[in-house]
Amino acid sequence: MKSLNSGESKYSMKIGYPNHPRKDLLEEIEWIGKNGFDFVDLFLEEDLAAPHMVDIKATKKLLKKYNLSTVGHTPWYLPTGSPSKTIRDAAVTEANKCFEVFTQLNVKFVTIHSNWPPKLFSLKEGIKFQVETLRKIVRNAKAFDISIVYEPIDSPYDNVKNIAEILDSVPDLYLHIDIGHANLSGRNPEEFIKKLHKRLKHIHLHDNDGNRDLHLPIGAGKINWGRLIRVLKKYYDGTITLEIFSQDRDFVLLSKEKLKTLWGNY
Ligand SMILES: [Zn+2]
């Protein structure tokens with residue numbers, strides 16, 4: 001049995017931070033490593049962190065230096081739900097470019113955002129377009145030994161019912177709950193956790209006022225974090241990315257300490 005005094009943690013929850021894709025990737029990883037995070041949530045987006053910009057050798061070396069693991073994130077703007085098949089296929093091609101980089105960095109879980117067609121198209125069509133694209137992406141990822149986690153965004157369509165329908169239609173697709181997104185459009189993040197936790201493999205965490213997707217530090221918005229973490233801990237003990245976009249990153253570090261305390265307390 002592990003002693004509580006041994007310095008080893010009694011839980012396996014890991015805390016990560018994403019690179020800003022418009023900043024130098026290696027400098028971003030350096031900051032994440034120096035500040036004691038467990039992993040990098042690697043956003044392979046234009047422009048400085050696009051797949052063709054990644055120096056694999058230097059990135060690997062830096063990740064090793066700080067003992068950082070990596071989860072992957074495809075660009076949030078991939079048009080998987082576009083009404084145009086040509087554009088949906090372009091999303092599949094772009095995702096493949098990301099997988100080629102992720103596999104070299106030994107990444108096993110990669111996020112893809114939900115994406116909905118313009119309002120002229122029905123909800124049913126939006127689900128159909130995404131399911132068709134996601135099936136292809138999940139199949140391609142398997143060839144790289146990568147699993148896909150699906151992240152609902154802040155749109156009114158991203159409710160538990162619609163997300164459950166998409167997960168049911170793409171059997172090997174896992175779920176990524178972004179707590180901030182799940183707090184918007186009158187939704188409740190606890191409902192996502194309670195109803196969909198069986199497929200849950202990754203978490204993004206940030207605060208907001210319930211109306212705008214603000215990506216605030218923990219406690220700067222209206223989410224009841226004590227309650228939320230208590231519910232999350234009941235069902236989940238894995239990777240959590242602090243997706244906080246404050247200009248001053250001291251707020252990110254403060255949120256990291258708060259999360260550790262909250263997780264330890266419940
Ligand atoms: Zn997110």
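In each ligand, atom 1 is the first atom listed, and ligand 1 is the first ligand listed. Side chains are part of it too, since the values below use all heavy atoms of this structure and drop only hydrogens, waters and symmetry mates.
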Closest N/O/S atom of Glu243 to the Zn ion (ligand 1), by atom name? OE1
Closest N/O/S atom of His204 to the Zn ion (ligand 1), by atom name? ND1
Whether Asp209 and Arg212 form a salt bridge (side-chain N of Lys/Arg under 4.0 Å from carboxylate O of Asp/Glu) is what I want to check. yes
Taking NZ, NE, NH1 and NH2 as the nitrogens, is one of them in Asp145 or Lys108 under 4.0 Å from a carboxylate oxygen of the other? yes
Ring-plane angle category for Phe245 and His215, please: parallel below 30°, perpendicular beyond 60°, tilted otherwise. parallel
Could you pull out the atom name of the N/O/S atom in Glu151 that is nearest the Zn ion (ligand 1)? OE2
Tell me, which N, O or S atom in Asp178 is closest to the Zn ion (ligand 1)? OD2
Could you check Arg22 against Glu27 for salt bridge (Lys or Arg N to Asp or Glu O under 4.0 Å), going step by step and ending with a plain yes or no? CA-CA 11 Å; Arg22 304 219 61 186; Glu27 282 175 22; over 6 Å; no
